[in-house]
There are 2 protein chains.
Amino acid sequence: MACQPDDQDLFCDVPMIHEEAVRRVFGLLPRENRTEGLAELFKVFGDPTRVRILQSLRHSELCVCDLSALLAMSQSAVSHQLRILRGARLVRNRREGRVIYYSLMDDHVKTILDVGSEHLAEEAESKR
Amino acid sequence: MACQPDDQDLFCDVPMIHEEAVRRVFGLLPRENRTEGLAELFKVFGDPTRVRILQSLRHSELCVCDLSALLAMSQSAVSHQLRILRGARLVRNRREGRVIYYSLMDDHVKTILDVGSEHLAEEAESKR
DNA sequence: TTGATACATGAACACATATTCATATGTATG
DNA sequence: CATACATATGAATATGTGTTCATGTATCAA
């Protein structure tokens, strides 16, 4: 935790080999807001249960008890995770009587899962 | 933790309203391997420091001390995070004397960050 | 070889998080 | 209204994770 390389002071206790590059990149970085938001978003994707839920909803709208049976998990655990997915606007829900149906919010969710899968595939390929 | 809805037994202690859909989706789900791998991958994106590193490397190859100065963090903390990014094959590194330069591994990293940003943008829009 | 520089890493601690358990909310049915 | 059903949620606990601190490794210079 030295100092922020702003316009006035770029001299830290940390050695800095490429001052120009650092200054330039610092100017190009998005606001901290956005960084924090991105991390929060990906954190939601970073749990096997939630990924499993998203993969399931990708193929069909499902209610909570369906997901519970499908994932072999307690209804409570599923509900807790659905709450987090809702918070990140990755899923939407609609009520029909006592049953609440969940589905994916939009195509971003699919895209993110796909690009992630691609990366894993190439990763496996590069290990050979 | 009831039972897995495999071909032989789909009857759990959890109520299952849409048995057909559940069976169908179960057949379409990827192997657990892949789910776990995806979650592990996104977990790496799920930390502000690591996102910040990736956003930085997106614009320029940088060495550890550059990143340390840029992010105003200790060299140790940055190194620990770089290790995790390397493990997920999100960054590559090359040595030049005592200095080690890091850069993004491939375009998947950029794409994932971009799609995430898009989602956040639309999320903000939908809140209005 | 000795010292300095750039980076990596193990241990420890503080903090976050996923599941379980118990209970609450909301909706249909009788 | 009372009951059953589908889902949500608060509290507690166990496990995971990021940073710091101290130390180790690798490279260059003298």
Side-chain angles (χ1 to χ4, degrees), chain A residues 1-2 12-19 22 35-36 39-54 61-88 91-103, chain B residues 1-2 12-19 22 35-36 39-54 61-88 91-103:
Chain A
M1 301 294 179
C12 302
D13 54 354
V14 178
M16 202 171 353
I17 297 191
H18 311 88
E19 183 171 332
V22 171
T35 303
E36 202 72 38
E40 285 306 312
L41 174 62
F42 289 123
K43 202 174 290 182
V44 176
F45 281 92
D47 175 79
T49 296
R50 290 192 290 264
V51 170
R52 206 74 176 159
I53 291 176
L54 295 174
E61 182 186 59
L62 292 169
C63 71
V64 180
C65 65
D66 289 340
L67 285 168
S68 183
L70 186 58
L71 309 182
M73 289 183 56
S74 75
Q75 174 267 319
S76 177
V78 173
S79 261
H80 277 294
Q81 298 308 331
L82 285 172
R83 178 178 160 80
I84 294 173
L85 290 169
R86 263 184 289 138
V91 302
R92 64 172 82 243
N93 59 1
R94 71 183 175 86
R95 165 159 246 147
E96 197 166 301
R98 280 174 292 197
V99 182
I100 297 184
Y101 293 92
Y102 280 85
S103 55
Chain B
M1 302 293 182
C12 302
D13 54 353
V14 177
M16 201 169 355
I17 296 189
H18 310 89
E19 183 171 332
V22 172
T35 303
E36 202 72 38
E40 286 305 313
L41 173 63
F42 288 123
K43 202 174 290 182
V44 176
F45 281 91
D47 174 79
T49 297
R50 290 192 290 266
V51 170
R52 206 73 175 159
I53 291 175
L54 295 174
E61 182 186 59
L62 292 169
C63 70
V64 180
C65 65
D66 289 340
L67 285 168
S68 183
L70 186 56
L71 308 182
M73 291 183 55
S74 74
Q75 175 265 317
S76 176
V78 172
S79 263
H80 277 295
Q81 298 308 331
L82 284 172
R83 177 178 161 80
I84 294 174
L85 290 169
R86 263 184 289 139
V91 302
R92 64 171 82 245
N93 59 2
R94 71 183 175 87
R95 164 159 246 147
E96 197 167 301
R98 281 174 292 198
V99 182
I100 298 184
Y101 293 93
Y102 280 85
S103 55

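A quick note: this is a predicted structure, and the numbers were derived from the prediction, not measured. Chain letters run A, B, ... following the sequence lines, proteins first, then strands; residues in each count from 1.
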Atom-to-atom span, CD1 of B:Ile17 to C1' of D:dT7 - whole angstrom: 10 Å
Euclidean distance, atom CG of residue A:Asn93 to atom P of D:dA6 [Å, nearest integer]: 17 Å
Going by salt bridge (Lys or Arg N to Asp or Glu O under 4.0 Å), name the residues that satisfy it together with B:Glu36, two or more places apart in sequence or in a different chain. none
Taking the nucleotide of DNA chain C with the nearest heavy atom to each, does A:Arg50 or B:Tyr101 sit closer to the 5' end? B:Tyr101
Between P on D:dC5 and NE2 on B:His18, what's the gap in Å once rounded to a whole number? 17 Å
Take atom CD1 of B:Ile84 and atom P of C:dC7, then tell me their distance rounded to the nearest Å. 18 Å
Under 4.0 Å between any heavy atoms, over every strand shown, what does B:Tyr102 touch: base, sugar-phosphate, or nothing? Just pick one. sugar-phosphate
How does protein reach along nucleotides 25-30 of chain D, written 5' to 3' as B (base within reach of a heavy atom under 4.0 Å), S (only sugar-phosphate), or - (no contact)? -SBB--
Heavy-atom closest pair (B:Pro48 atom, A:Ala39 atom, distance to 0.1 Å) is N-CB, 3.5 Å
Any side-chain N or O of A:Ser74 less than 4.0 Å from the OP1 or OP2 oxygen of C:dT19? no
Quick one: list whatever passes side chain to side chain donor-acceptor pair (under 3.5 Å) with B:Arg86, sequence neighbours left out. B:Tyr102
Take atom CG of A:Leu71 and atom P of C:dA18, then tell me their distance rounded to the nearest Å. 15 Å
Rounding to a whole Å, what distance do you find between A:Asp47:CG and D:dT17:C1'? 14 Å
The criterion is side chain to side chain donor-acceptor pair (under 3.5 Å); which residues satisfy it with B:Ser79, sequence neighbours excluded? B:Gln75
Check: protein-nucleotides 9-11 of chain C nitrogen or oxygen pairs below 3.5 Å:
unit_1	atom_1	unit_2	atom_2	d
C:dT9	OP2	B:Arg83	NH1	3.1
C:dT9	O4	B:Ser76	OG	2.7
C:dG10	O6	B:His80	NE2	2.8

In whole Å, I'd like the distance from the CD atom of A:Glu36 to the C1' atom of C:dA16. 13 Å
Taking ring pair (Phe, Tyr, Trp, His ring centres under 6.0 Å) as the test, write out the residues that go with A:Phe45, two or more places apart. B:Phe42
Mind checking ring pair (Phe, Tyr, Trp, His ring centres under 6.0 Å) for B:Tyr101 and listing every partner two or more places apart, or none if nothing turns up? A:His18
Using heavy atoms and a sub-4.0 Å distance, could you list which residues of residues 61-68 of chain B are near DNA chain C? By number, please. B:Cys63, B:Val64, B:Cys65
With sequence neighbours left out, the residues meeting side chain to side chain contact (heavy atoms under 4.5 Å, CB included) with A:Ile17 are B:Cys63, B:Cys65, B:Asp66, B:Val99
Roughly how many Å is it from CZ in B:Arg94 to P in C:dA6, rounded to a whole number? 16 Å
Quick check: do A:Val91 and A:Leu54 have side-chain heavy atoms less than 4.5 Å from each other? yes
Does B:Arg94 have any salt bridge (Lys or Arg N to Asp or Glu O under 4.0 Å) partners at least two apart in sequence or in another chain, and if so, which? B:Glu61, B:Glu96
Mind checking what makes side chain to side chain donor-acceptor pair (under 3.5 Å) contact with B:Thr35, not counting sequence neighbours? A:Arg52, A:Gln55
Identify, with sequence neighbours excluded, every residue that meets side chain to side chain contact (heavy atoms under 4.5 Å, CB included) alongside A:Ser76. A:Ser74, A:His80
